[in-house]
Amino acid sequence: VQLQASGGGLVQAGGSLRLSCVASGLIDSTYTVGWFRRAPGQEREFVASISGSGGVTYYADSVRGRATISRDGPKNMVSLLVNRLKSEDTASYYCAARRGSLRDAAVTMSYWGQGTLVTVSS
């Protein structure tokens, strides 16, 4: 089982970035996939999640209205597009998967991918 996150980089404030998470192995449409982030010196924060069917999504207040999470079933890939990036979006972003709902960082995730670093310059 593997989650591979990519798409991070250096972006100017106000710009956009699309992160991708490709799942392989046993992670299928029964799994909810979410994005989390951790800024230096801060705790891990829930960003967004999407259900196995793609029909249910949740967003943290910090990105709601600026972010869109989507799922490509055949490719088993989940993308997170964040627009109007702010300096406070700077963090390492991680994708993770679990069976069941996902609305915040308090739940236990079954699988984690490695982080991809997003740096927003002002």
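Counting from 1, the numbers follow the sequence of the chain as shown.
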Presence of salt bridge, Asp61 and Arg64, under 4.0 angstrom: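 Result for this pair is yes, salt bridge flagged.
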
Apart from Met77 itself, residues in the same hydrophobic cluster as defined by side-chain heavy atoms under 4.5 Å: Val22

Distance from [X] atom [atom1] to [Y] atom [atom2], nearest 0.5 Å?
X: Arg37; Y: Leu117; atom1: CZ; atom2: CG; answer: 12.5 Å
X: Ser92; Y: Arg38; atom1: OG; atom2: CZ; answer: 9.5 Å
X: Tyr93; Y: Leu80; atom1: OH; atom2: CG; answer: 7.5 Å
X: Arg71; Y: Ser79; atom1: CZ; atom2: OG; answer: 11.0 Å
X: Gln4; Y: Asn76; atom1: CD; atom2: CG; answer: 13.5 Å
X: Gln12; Y: Ser121; atom1: CD; atom2: OG; answer: 5.0 Å

Same cluster (ILVMFWY, side-chain, under 4.5 Å), Leu17 and Val78: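 Looking at the clustering, Val78 is in the same group as Leu17.
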
Arg99 side chain to Thr30 side chain, donor-acceptor N/O pair below 3.5 angstrom: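 The answer is yes; a qualifying pair exists.
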
Can you name the closest pair of heavy atoms from [X] and [Y] and give their distance?
X: Ser70; Y: Arg18; value: OG-NH1, 4.5 Å
X: Tyr94; Y: Gly113; value: CD2-O, 3.6 Å
X: Thr57; Y: Ile69; value: CG2-CG2, 3.7 Å
X: Leu81; Y: Ser16; value: CD1-CB, 4.4 Å
X: Leu102; Y: Val33; value: CD2-C, 4.4 Å
X: Leu85; Y: Val11; value: CD1-CG1, 3.8 Å

ring-ring contact (aromatic ring centres under 6.0 Å, His included) partners of residues 44-92, not counting sequence neighbours, each pair once: Phe36-Phe46

Residue of the set Glu88, Lys86, Glu45 for which side chain to side chain donor-acceptor pair (under 3.5 Å) holds with Ser62: Glu45

Side chain to side chain, Arg66 and Asp89, heavy atoms closer than 4.5 Å: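 Result yes, sub-4.5 Å side-chain heavy-atom pair found.
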
Thr90 side-chain N/O to Val120 backbone N/O, donor-acceptor pair under 3.5 Å: yes

